Peer 1: 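Sharing a structure below in structure tokens format, with a few things to ask.
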Amino acid sequence: MHLTLLEAALGAAAAIAVPLTAAGIMAGSPVDPAMQPAATVVVGATTLDFPLPGEFLAVGTPAVAPVERAAVGAFQIMKRQVSLADYRRCVDEAACAAPDARMVQADVPVTGVNWLDAQSYAQWYSKATRLTWRLPTAIEAAAAAAERFSGDAFSAAADDPANPAVRWIRRYREEAAAKRPPDPKPKPAGYYGANSKGVEDFAGNVWEWTSTCYARTILGEDRDVVDSTENCGVRVMEGRHRAYMSTFVRDGKSGGCAVGTPPENLGFRLVLEDRSAVAAAAARLRNLVDTIGTKIAQENGK
Amino acid sequence: MFTRRQALLGAAATAMLAAMPPLAAAANETEIAALPREKVALVAPPYVHAHEQVATGGPKVVEFTMPIVEKTVVIDDEGTEFQAMTFDGSMPGPMMVVHEGDYVEMTLMNPETNPLPHNIDFHAATGALGGGALTLINPGEQVTLRFKATRTGTFVYHCAPEGAMIPWHVVSGMSGTIMVLPRDGLKNEKGETLTYDKVFYVGENDLYVPRDEEGNFKTYESHGDSYADTVEVMRGLIPTHVVFNGAKGALTGDNAMKAKVGETVLIVHSQANRDTRPHLIGGHGDYVWEQGKFANPPAKDLETWFIRGGSAGAALYTFLQPGIYAYVNHNLIEAVELGATAHFVVEGEWDDDLMKQVAAPGPIPMN
Ligand SMILES: [Cu+2]
């Protein structure tokens with residue numbers, strides 16, 4: 001019962017936060033009125049079971065990603081993916097490279113953008129809106145995706161360490177089984193609908209860049225992390241399934257380090273850094289609610 | 001704990017094994033560990049590390065180490081800069097030589113300073129995409145692969161990460177050759193031993209360099225920057241450069257290959273991506289393994305031989321006349337315009353019997 005209470009309280013905080021942020025931007029802001037910041041959704045502080053990104057080796061053989069119980073602080077993320085129309089403004093101002101997007105109507109998300117393009121856009125967009133925007137981390141993407149998050153595409157079936165081909169054939173079959181008819185044409189914003197957090201179009205046909213680097217991690221006998229090699233030339237993408245892409249790749253089929261059926265399109269959405277006083281107030285309110293929630297929980301636990 | 005599917009696969013594998021002809025006894029780890037080991041230092045092409053042509057002992061484990069070097073190189077006399085990816089710093093990668101039955105133990109290193117993941121696919125190896133599926137390494141990692149050299153011949157190795165990265169890495173320079181010699185050396189069609197005094201390794205690369213609006217070759221700050229434009233050129237299938245040993249003219253002038261009249265030279269020629277047709281102008285291929293596989297008798301007295309893209313071939317020739325020989329890809333447009341020309345400087349005595357200028361050039365007599 002206390003859980004329901006807590007959720008209700010958090011929901012209320014989120015509901016307050018969105019309009020407050022929007023109001024804060026409008027009031028006396030020097031921003032070009034045409035460059036209104038995109039609508040955001042507040043993803044409240046949460047704890048989730050997060051399959052760690054990257055590849056894992058346990059005693060020399062590929063292992064399934066460990067799932068970590070992880071806490072994510074509250075953050076604001078774009079309700080929709082960055083649109084082709086918005087991205088074009090960055091290109092027009094010579095701050096972004098042209099996307100390899102298919103020529104379609106303008107109300108679609110931008111596609112055909114690599115990680116570096118997304119970074120350039122975040123920089124330009126921050127300047128244009130006088131706010132601080134950045135790519136989400138993989139765990140933030142997971143928190144925002146909520147029930148639509150799927151992580152790595154492959155099952156955790158036991159493989160034969162003496163025969164690596166068992167794993168290759170299993171993965172190949174899983175990939176073939178998961179194959180769906182290609183539908184790469186970007187859809188109008190909102191086409192795939194909103195998830196329980198109000199985040200739209202996650203896990204449609206546009207995969208989203210994150211700031212998280214690919215890593216290969218060596219696990220010990222107890223599946224504890226022994227060693228890890230990060231490769232920031234490859235970043236984690238979240239979507240229908242997780243993919244790993246070289247930062248310069250604009251076409252999902254190029255792979256680079258892709259696992260599973262290649263992503264149909266590469267796009268992104270941005271996180272709004274909590275900088276404004278309003279956002280800080282909202283965060284304080286959320287903390288307060290958290291504290292109350294914890295107290296309720298403790299009371300109930302007695 | 002095995003899944004049901006694995007149990008089924010296991011059964012299928014057992015059935016397959018039963019149906020197969022008996023193989024040479026497979027060695028276990030203890031037996032392999034007991035074999036003599038040899039560490040070989042690789043040398044940059046067109047040269048090849050010292051090796052025995054006829055093996056004196058039994059099978060060994062031959063250890064090689066190759067760092068992967070990503071760097072900017074100049075590929076022609078106009079100073080065109082190219083974002084190269086290399087095995088061991090050379091384009092092509094160094095040639096390795098072992099004997100049939102030896103174990104090749106390759107340690108591949110991807111230094112942290114590289115931005116890209118790489119691997120190695122040995123056409124001489126059996127299984128795991130030639131080892132590619134077991135060797136993909138990120139910057140800051142290294143991997144060691146062992147495979148048994150079960151088939152003789154000259155075989156390409158190349159980088160093969162996934163998807164569109166494969167052709168890009170290959171045409172960025174990531175290919176080389178391994179030669180697996182029969183334990184008792186090379187043989188002619190009668191089974192008589194053939195030997196060579198020198199071996200040269202000519203690796204041919206087709207390169208695809210993007211141009212700007214004015215038609216000048218573009219330069220890029222990094223491999224990633226060059227990727228999108230390069231793929232566009234690659235898809236046109238017409239290379240801007242076809243070079244031996246990494247650059248136009250790399251095997252000419254001071255760097256021409258050298259031999260003497262009477263010397264027998266083995267020329268190994270690889271092309272990891274595209275067909276080519278080596279020709280020694282003024283000479284021949286006495287014995288040519290066009291497909292590069294020594295279990296097949298060599299063709300004799302060839303004028304031009306054909307190397308299929310994705311393979312390496314070998315030609316044995318004894319120089320009979322001194323002079324400068326051009327060794328070309330006999331698509332002469334590629335040889336002359338795109339760079340596929342190397343030179344041999346051969347010293348020795350001229351043989352009038354083979355050729356003599358009976359009358360020097362002069363005016364055509366008017367009568
Ligand atoms: Cu490579």
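Only a predicted model underlies this, so the values are computations on that prediction, with no experimental measurement involved. Each chain gets a letter, A, B and so on, in the order its sequence line appears, and its residues count up from 1.
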Peer 1: Is it the case that more than 12 heavy atoms not belonging to B/Arg151 sit under 6.0 Å from its CZ atom?
Peer 2: no
Peer 1: Any side-chain heavy atom of B/Glu141 sitting closer than 4.5 Å to one from A/Asn231?
Peer 2: no
Peer 1: Using non-hydrogen atoms only, which part of B/Pro115 is less than 4.5 Å away from chain A: side chain, backbone, both, or neither?
Peer 2: backbone
Peer 1: With chain A, which of B/Ala128, B/Ala228, B/Gly127 has the greatest number of heavy-atom pairs at distances under 4.5 Å?
Peer 2: B/Ala128
Peer 1: Side chain to side chain donor-acceptor pair (under 3.5 Å) with A/Asp92: which residues, sequence neighbours excluded?
Peer 2: none
Peer 1: Is B/Ile166 in contact with chain A via its backbone, its side chain, both, or neither, using a 4.5 Å heavy-atom distance?
Peer 2: neither
Peer 1: With respect to B/Asn138, which candidate in A/Arg216, A/Glu55, A/Glu230 satisfies the side chain to side chain contact (heavy atoms under 4.5 Å, CB included) definition?
Peer 2: A/Arg216
Peer 1: Restricting to side chain to side chain donor-acceptor pair (under 3.5 Å), what partner residues turn up for B/Glu63, sequence neighbours left out?
Peer 2: B/Arg37
Peer 1: Show the nearest heavy-atom pair for residues B/Pro139 and A/Thr229, with the distance to one decimal.
Peer 2: O-CG2, 3.3 Å
Peer 1: Does atom CZ of B/Arg235 have more than 12 heavy-atom neighbours, drawn from other residues, nucleotides or ligands, at distances under 6.0 Å?
Peer 2: no
Peer 1: Should we count CD of B/Glu112 as having more than 12 external heavy atoms under 6.0 Å?
Peer 2: no
